[in-house]
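Heads up: the structure comes next, in structure tokens.
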Amino acid sequence: MSEEISDLIQQRIEKVEALRNKGINPYPIRCARTHTAEEAKMLFREDAQEHAGIAGRMRSKRVMGKASFVHIEDGSGSIQVYARLDDLGEEKYELFKTLDLGDIVGVSGYVFKTRQGEISIHAKDFMLLSKCIRPLPSVKEKDGKVFDEFADVELRYRQRYVDLIVTQKTRQDFILRSRLIAGIREFLQKRGYMEVETPMMQAIPGGAAARPFITHHNALDIDLYMRIAPELYLKRLIVGGFERVFELNRNFRNEGISTKHNPEFTMLELYEAYADYTTMMDIAERMISSLAQELLGTMVINYQGTQINLTPPWEKITFVDIIKKYTGIDFSTIRTADEARRAASSVGVKADEDASLWYIANEVFEEKVEANLIQPTFVIDYPKELSPLAKSRDDNPDFVERFEPYIVGREIGNAFSELNDPFDQRARFEEQVKMREQGDDEAQRMDYDYINALEYGMPPAGGMGIGIDRLVMLFIDTASIKDSILFPLLRPEK
RNA sequence: GAGUCGCUAGCUCAGUCGGUAGAGCAACUGCCUUUUAAGCAGUGGGUCCGGAGUUCGAUUCUCCGGCGACUCACCA
């Protein structure tokens, strides 16, 4: 980052020059790698000398005069290399000793076991593959204990590449993230789902209540919005006859950054024709619990010191009942916003002047209930007013068939029986537009083409969105979403 | 956006009740042909985040700014 040249960097630049003067390219074009570190270790035999050519980054170095030990780390793991003056000759061994921690080198030799019992490579030759001219943080490790870990969070996020080199936990976390995402794809594909890609730049940002990023298309001379959700496009595909679709990709919301929010985040959305929200509950609990079993070896996971039992079935409780449970307020018997406001303030929740009954209820839910939902819980049957894209219940049209799964007090998704009645949808949009005109800049916008699509007939369907970064947080046991995103958004330096 | 805290060597951190700083690792020079947080001896390395103010003197105190962490707000 910094352009100042420290002594340490200067020393290494001089080494590069010295190498070049000797006719050695410190950045050669390729190398002869025959095995990964782990594969090489597998080659070990007591009765024979198996040959291997490995390559990786030098992570430790112990020079003892005419013999040296170094560890070479690659994508598979790490292997010790034993290099001797006798084997390499004066010139090469001197060169070997000038290698620095962080250099990427190729080593060929035979696999053997040291007196201390570590399977290693006895070097017959080596080659510098890429000179590292910036000193790495000097993290050391013994028996799983890490010494002087790379702890500067800002540097770890800004220079994630260094964090990945030096912090094993970081590497493991992102491998786990990758496996989790692969596992989701596999789970859904097995169920007959098709992965699709829908626009990230949209003329009308829909499908969620959030402020969008605005961008501009020069040739058309129009503003476009980065999507806040793919929902309305995926449902157009359900109209089109794709019966099981999902999209697993980025959403963008122009809002604050916190331990639980990154402006761009990864969302899974899936829609299934001829299904409903109960189908989605089933998918959610089976998918997440089986992924835990597969990736963590258990459905009872430890998150920030709390045991979380992901074993299905998860608890289900209605929005109204859970508020009653934690506050004693029964919103189903409340008829006016004033009454609701009084009830809310009786439990210490103050709502906006012009908030409606169910917005007040939602305030109470967020402030008084959410944090209690530690074990997996489906909060179901939300008020219609809060859910402009979900289908009303048959038995009570003021409520919709919708649920949000909560784990460790955090909403990790949102699902419903999809509203497919174009008349109702139009009315809901009109309601949203009215709220928008009254200053709610997160209310949804009218999307005539979406209504148009529904007017062709959308089969009854269930749909669900799951925030992947938050799910990853749970799986890698971290309190900050930045630890689940390779390059979280930070303010640029200077 | 607000509050609290942090920013000192490449990294991890001490420290200076105001007199321009230290350790471990890393680096450099020796010694060391089975070490593994290798070891032993020696050496070098700092705009103490930036700017202004107070002061004889500021890394230290004050103010402003930068970046980050946490909390809150926002984000269902």
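Naming convention: chains lettered A, B, ... in sequence-line order (proteins, then strands); numbering from 1 in each chain. Keep in mind the model is a prediction, meaning the values are calculated, not measured.
For A/Lys142, the side-chain atoms get nearest to B/A37 when compared with the rest of B/C67, B/C11, B/A37. Listed candidates were B/U35, B/U71, B/G10. Nearest to the side chain of A/Met64 is B/U35. With B/U12, B/G68, B/C32 as the candidates, the nucleotide lying closest to the side chain of A/Lys66 is B/C32. Of all nucleotides listed (B/A26, B/U33, B/U36), B/A26 comes nearest to the side chain of A/Lys140. Of the candidates B/C70, B/U34, B/C28, the closest approach to any side-chain atom of A/Thr114 belongs to B/U34. Considering only side-chain atoms of A/Leu101, the nucleotide from B/A27, B/C70, B/C11 that sits closest is B/A27. Nearest nucleotide to the side chain of A/Ala67, out of B/G68, B/A38, B/U33: B/U33. Comparing B/U36, B/A37, B/U33 by their closest approach to the side chain of A/Glu118 singles out B/U36.
Looking at heavy-atom distances under 4.0 Å, A/Thr259 makes contact with sugar-phosphate atoms alone, never a base. Contact annotation for A/Lys113: no contact, since no heavy-atom pair falls under 4.0 Å across all strands. Heavy atoms of A/Arg59 sit nowhere under 4.0 angstrom from any nucleic acid atom. Note on A/Tyr82: a base of the nucleic acid sits closer than 4.0 angstrom, heavy atoms only. At the heavy-atom level, A/Gln80 lies under 4.0 Å from base atoms of the strands shown. Counting non-hydrogen atoms under 4.0 angstrom, A/Arg115 reaches a base of the nucleic acid. Looking at heavy-atom distances under 4.0 Å, A/Asp7 makes contact with sugar-phosphate atoms alone, never a base. Residue contacts for A/Tyr157: at a heavy-atom cut-off of 4.0 Å it reaches the sugar-phosphate backbone alone, with no base atom in range. At the heavy-atom level, A/Lys61 lies nowhere under 4.0 Å from the strands shown. Base contact: A/Val63 has a heavy atom under 4.0 Å from a base atom. Among the heavy atoms of the strands, none lies under 4.0 Å from A/Phe319. Using a 4.0 Å heavy-atom criterion, one finds that A/Asp152 contacts the sugar-phosphate atoms exclusively. The residue A/Gln116 sits close to a base: some heavy atom pair falls under 4.0 Å. Within the nucleic acid shown, A/Leu136 has no heavy atom closer than 4.0 Å to any nucleic acid atom.
Side-chain N/O atoms of A/Glu370 and A/Tyr406 include a donor and acceptor closer than 3.5 Å. Judged by distance alone, the side chains of A/Asp338 and A/Thr336 never bring a donor and an acceptor atom under 3.5 Å apart. Looking at A/Glu118 and A/His71, their side chains do bring a donor and an acceptor atom within 3.5 Å of each other. Side chains of A/Asn251 and A/Glu264: no donor on one and acceptor on the other come within 3.5 Å. Judged by distance alone, the side chains of A/Glu366 and A/Asn362 do bring a donor and an acceptor atom under 3.5 Å apart.
Atom CD in A/Gln11 sits about 9 Å away from atom C1' in B/G44, given to the nearest Å. The CD atom of A/Glu363 sits 7 Å away from the P atom of B/C74 (whole-angstrom rounding). Computed from coordinates, the A/Glu367 CD to B/C74 P distance equals 8 Å when rounded to whole Å. Counting to the nearest Å, the P atom of B/C74 and the CD atom of A/Glu370 are 12 Å from each other. For A/Leu8 and B/G46, the CG to C1' distance is 12 Å, given to the nearest whole Å. Going from atom CZ of A/Phe147 over to atom P of B/G24 covers 16 Å, rounded to whole Å. Atom NZ of A/Lys145 is separated from atom C1' of B/A37 by 10 Å (rounded to the nearest Å). At whole-Å resolution of the value, CZ in A/Arg62 and C1' in B/A37 are 9 Å apart.
Summarising the base pairing, B/G68 is matched to B/C5 through a Watson-Crick or G-U wobble pair whose two defining distances lie under 3.5 Å. Nucleotide B/U62 is matched to B/A52 when pairs are restricted to Watson-Crick or G-U wobble geometry with both distances under 3.5 angstrom. Remark: B/U47 base-pairs with no nucleotide; criterion is Watson-Crick or G-U wobble with both hydrogen-bond distances under 3.5 Å. B/A41 is paired with B/U29 under the Watson-Crick or G-U wobble criterion, all donor-acceptor distances under 3.5 Å. Partner assigned to B/G24 is B/C11, using Watson-Crick or G-U wobble distances below 3.5 angstrom.
For the P atoms, the distance from B/U35 to B/G50 is 46 Å, rounded to whole Å. Rounded to a whole angstrom, the distance from the C1' atom of B/C11 to that of B/A27 is 12 Å. Rounded to the nearest Å, the gap between the P atom of B/C61 and that of B/G42 is 36 Å.
For the OP1/OP2 pair of B/G10 and a distance below 4.0 Å, the side-chain nitrogens and oxygens of A/Arg134 include no atom meeting the criterion. Contact between the side-chain N/O atoms of A/Lys260 and the OP1/OP2 oxygens of B/U71 is not found at any separation under 4.0 Å.
The pair A/Arg171-A/Glu73 meets the salt-bridge criterion, with a side-chain N (NZ, NE, NH1 or NH2) lying under 4.0 Å from an Asp/Glu carboxylate O. With salt bridges taken as basic N to acidic carboxylate O contacts below 4.0 Å, none links A/Lys145 and A/Asp143.
Ring geometry, A/Phe96 versus A/Tyr93: the interplanar angle falls under 30°, so the pair is classed parallel (tilted spans 30 to 60°).
For the pair A/Pro135 and A/Asn362, both in contact range of RNA chain B, the more 5′-proximal nearest nucleotide belongs to A/Pro135. Both A/Asp143 and A/Tyr406 lie near RNA chain B, and the one whose nearest nucleotide falls closer to the 5' end is A/Asp143.
Below the 3.5 angstrom threshold, one finds no donor paired with an acceptor across the side chain of A/Ser138 and the base of B/G24.
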Notebook entry, point to check: What do the steps show when you test A/Asp173 against A/Arg177 for salt bridge (Lys or Arg N to Asp or Glu O under 4.0 Å), and what is the final call?
Noted result: CA-CA 6 Å; A/Asp173 286 349; A/Arg177 178 182 171 119; over 6 Å; no
